Amino acid sequence: MPGMVLFGRRWAIASDDLVFPGLFELFVRVLWWIGILTLYLMHRGKLDCAGGALLSSYLIVLIILLAVIICTVLAIVYVSMKGTICNPGPRKSMTKLLYIRLALFLPEMVWASLGAAWIADSIQCDKIVVNGIIATVIVSWIIIAATVVTIIIVFDPLGGKMASYSCAGPSHLDSHDSSQLFNGLKTAATSVWETRIKFLCCCIGKDDHTRVAFSSTAELFSTYFSDTDLVPSDIAAGLALLHQQQDNIGNNQEPDEVISHSPGPSQEADLDAELENCHHYMQFAAAAYGWPLYIYRNPFTGLCRIGGDCCRSRTTEYDLVGGDQLNCHFGSILQTTGLQYRDFIHISFHDKVYELPFLVALDHRKESVVVAVRGTMSLQDILTDLSAESEVLNLECEVQDCLAHKGISQAARYVYRRLINDGILSQAFSIAPEYQLVIVGHSLGAGAAALLAIMLRASYPQVKGYAFSPPRGLLSKSLCEYSKSFIVSLVLGMDVIPRLSVTNLEDLKKRILRVIAHCNKPKYKILLQGCWYELFGGNPDNFPTELDGGAQGDLTQPLLGEQSLLTRWSPAYSFSSDSPLDSPPKYPPLYPPGRIIHLEEEGTSGRFGCCSTAQYSAKWSHEAEFSKILIGPKMLTDHMPDILMRALDSVVSDRAACISCPARGVSNVDVA
């Protein structure tokens, strides 16, 4: 930290990143050196064969060369352990050591080539010696190949420009030349990110929507990453420190006094009713994922249950349902929802950028027409997620500032056109005109479902929306308030997606910069202790994140402060120099939809909670409680639909069993 400059360009690796790679290479080299030395000492008397003198010279030079390399790697590891992330002064000799280490690859490659050539000449010597030489040559080329791969991985395409920009120094950041250099760097970064994304998504189509999504995603990544001099290991260390800091604050925090007055029976009854609705409609949101989620939830019996639908051709029952690309999906949908063929109006698994799969069914139990939109399951869906700019929605309602996530609003608009223009909803309500329209979805599907409910409210005033684990960066503040009368969101535990927005990512970046700027531990210790803490827990007090007075006296040069880790202020919230001051930023703050039910875990159930029987409590929460990304092992697992379904099963059954104990329910309800 910052990225090292070698050969006149910046690399995506810092001088304190070489501890673990160096130790691994040291381990391999020492074993290799001991093996070669043992081979030579034990079998040097058998090298009096034809070509034996060459092999003897080869082994002697190899032993000396390995000893020099081992000493160099040992010095690299030792130097890399010194200092802290923001105190690289003790590691100033690292550049020279790396030049020496890279120079040693030249004789190593020559010697490996000579060894391969001698073996190819079929030298007639002791078989053990020849096999040892063969193993030596193989190991040499494996290490050389691994080094080449590592160089490719840490190569930064913008390294030349970044090195030039770093030379400008923070004192020149406001100059005209520096501004031009930064704009050129950002343009180049956007181009590089777009090339990377196109390479990763080479298997999907190249239509207009896809090209727009490529550009939007590249713009997002270049905006987020181009203003900091961070390497990947810095981010990992920062996340580890943030998790410990977060737990330390949580352990020392006094119990919240969120409830200003005891919630009345109507609020408790409303929570129970909405939880029961969420429990019911979550089955439809899960069904929209089709057979992959069903097989994942039922790994031993799922394939047997739906295998017949995968293998046989379309039946007359299938012909009753409109849709496309059903394949194995219909069987899993029937199993998940418990409905019959005749209850489905339309099922579509057509999947492109900004075009999501969805299903429409008649739910006779709740007397509703259910539209379920699928969440993220493909590269196309990921591109839809990452098209994070805001766009204006043209709605038939008196709401000002109607902004929404661009990619998700485009996907909702696609489903809207299919439902209205193709007559799908008309067909459903011609069968059941008295039913209520309910729109549900999980994750990306939750965001699309919420926006779809807003779009359809003018035509269907009684529409209801249930958004399971929706993304936070979805609606402007005014639309968020507007949606509270007909949309309910459900969030489980530490789920990162309902806390994920460009605004919160920027906040996370600043918190990472702050915590590593004030850390007094070397990076390798942070990563080791962070891994231990994630796997086995511990006391976060054992992981200091502030410089004490004694440590500051040991610094060999001034610390890189929090601001010096920023190459330039992020444009995510600032106005561009060529735009009017009243123009909105490209990524304004966005909020989750509707009223929010938060399922919180009671007690502890293991670090990851995948195989645990956790207990949950439910409460109404304000969106402000999700204004910061929480770091923890469950931030990803709590988003999984199967985990959410189990949590809903648990909380609904617990509240039903304790219906005669209102005191418990009241204590778990907050006034939003």
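All values derive from a computational prediction rather than experimental measurement.
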Would you please test E623 and K477 for salt bridge (Lys or Arg N to Asp or Glu O under 4.0 Å) and show each step?
CA-CA 10 Å; E623 60 83 14; K477 187 67 174 179; 3.1 Å; yes
Worked check of salt bridge (Lys or Arg N to Asp or Glu O under 4.0 Å) between R211 and D208
CA-CA 5 Å; R211 284 190 286 270; D208 291 340; 2.6 Å; yes
Nearest 0.5 Å, what's the CG-CD distance between L239 and Q246?
10.5 Å
Can you tell whether the side chains of E276 and R655 come within less than 4.0 Å, N to carboxylate O?
no
Separation between CG (L386) and CZ (F214), nearest 0.5 Å, reads 11.5 Å
Using atom types as modelled and distance alone, determine if a side-chain donor or acceptor of Q400 lies under 3.5 Å from a backbone N or O of S478.
no
Test side chain to side chain contact (heavy atoms under 4.5 Å, CB included) applied to L508 and L242, step by step:
CA-CA 9 Å; L508 177 64; L242 280 179; 3.7 Å; yes
Regarding H364 and Y435, is there a side-chain donor-to-acceptor distance under 3.5 Å anywhere?
yes
d(L492 CG, L644 CG) to nearest 0.5 Å is 5.5 Å
Within the 6.0 Å centroid threshold, strictly below: F330 and Y341
yes
Measuring centre to centre across the rings, with the benzene-like ring taken for any Trp, is F468 within less than 6.0 Å of Y281?
no
Kindly state each residue pair satisfying salt bridge (Lys or Arg N to Asp or Glu O under 4.0 Å) with at least one member in residues 399-413, sequence neighbours excluded.
E391-R413
Using side-chain heavy atoms (C-beta onward) and a distance below 4.5 Å, is V360 in contact with F344?
no
Is the shortest side-chain N to carboxylate O distance from D649 to R646 below 4.0 Å?
no
Do L451 and L393 have side chains that get closer than 4.5 Å, going by heavy atoms?
yes
Nearest non-hydrogen partners of S469 and I497, listed with the distance:
O-CG2, 3.9 Å
Kindly say whether the aromatic ring centers of F358 and H346 come within a distance under 6.0 Å.
yes
Would you call Y289 and S332 a side-chain contact if the rule is heavy atoms closer than 4.5 Å?
no
Checking the side chain of S222 only, and the main-chain atoms of E219 only, is there a donor and an acceptor separated by less than 3.5 Å?
yes
Show the nearest heavy-atom pair for residues A213 and V353, with the distance to one decimal.
CB-CG1, 3.6 Å
Counting the benzene-type ring for Trp, do Y460 and F429 have ring centres under 6.0 Å apart?
yes
Verify, without hydrogens or angle tests, whether H329 (side chain) and W291 (backbone) share a donor-acceptor contact under 3.5 angstrom.
yes
Within a strict 4.5 Å, meaning less than it, do heavy atoms of the L437 and V370 side chains meet?
no
Any donor-acceptor pair under 3.5 Å linking the side-chain atoms of R374 with those of H442?
no
List the steps, then state whether side chain to side chain contact (heavy atoms under 4.5 Å, CB included) holds for M645 with H279.
CA-CA 7 Å; M645 293 174 77; H279 183 253; over 6 Å; no
Under 3.5 Å, is there a donor-acceptor pair between the T384 and Q410 side chains?
no
Going by heavy atoms in the side chains, are L599 and V491 under 4.5 Å from each other?
no
Where do S483 and I454 come nearest, in terms of heavy atoms and distance?
CB-CD1, 4.3 Å
Between E274 and R595, does at least one N-O distance fall below 4.0 Å, as a salt bridge requires?
yes
Going by salt bridge (charged side-chain N to carboxylate O under 4.0 Å, His left out), name the residues that satisfy it together with D385, two or more places apart in sequence or in a different chain.
none
Looking at side-chain heavy atoms only, is the closest gap between H209 and Q380 below 4.5 Å?
no
Side-chain (S489) to main-chain (P593) donor-acceptor, under 3.5 angstrom:
yes
Quick one: closest heavy-atom pair of D638 and G493, and the distance?
OD2-CA, 3.6 Å
Can you name the nearest heavy-atom pair linking D381 to G375, along with the distance?
OD2-O, 3.5 Å
Given Y616 and E600, is the side chain to side chain contact (heavy atoms under 4.5 Å, CB included) satisfied, shown in steps?
CA-CA 5 Å; Y616 297 91; E600 291 184 304; over 6 Å; no
Under 4.5 Å between any side-chain heavy atoms of L379 and L200, yes or no?
no
Rounded to the nearest 0.5 Å, how far does CG of L444 lie from OG of S378?
9.0 Å
Is it true that, when you exclude N394 itself, more than 12 heavy atoms of the residues, nucleotides or ligands shown sit nearer than 6.0 Å to its CG?
no
Look at D495 together with R499 and state whether they make a salt bridge at an N to O cut-off of under 4.0 Å.
no
Minimum heavy-atom separation for L479 to L403, with atom names?
CD1-O, 3.6 Å
Counting the benzene-type ring for Trp, do F626 and H622 have ring centres under 6.0 Å apart?
no
Roughly how far, to the nearest 0.5 Å, is the CG atom of L630 from the CD atom of E625?
10.5 Å
Run the side chain to side chain contact (heavy atoms under 4.5 Å, CB included) test on L359 and I345 for me, step by step, so that the C-alpha distance in whole Å, both residues' side-chain angles and the decisive distance to 0.1 Å come before the verdict.
CA-CA 8 Å; L359 64 86; I345 305 300; over 6 Å; no
Any side-chain to backbone donor/acceptor pair from D343 onto L339? Under 3.5 Å, distance only.
no
Could you tell me whether a side-chain N or O of R417 sits under 3.5 Å from a main-chain N or O of N421, the two making a donor and an acceptor?
no
Do K464 and N277 pass the side chain to side chain donor-acceptor pair (under 3.5 Å) test, and can you show the C-alpha distance, the side-chain angles, and the key distance before you say yes or no?
CA-CA 11 Å; K464 289 277 291 183; N277 287 336; over 6 Å; no
Closer than 3.5 angstrom, by distance alone: can the side chain of R511 be matched with the main-chain N or O of I629 as a donor-acceptor pair?
yes
For the atom pair OG (S390) and OH (Y587), what is the distance rounded to the nearest 0.5 Å?
9.0 Å
Side chain to side chain donor-acceptor pair (under 3.5 Å) between S501 and Y591, intermediate numbers included:
CA-CA 8 Å; S501 66; Y591 303 88; over 6 Å; no
Less than 4.5 Å apart, side chain to side chain, heavy atoms only: is that true for F284 and D363?
yes
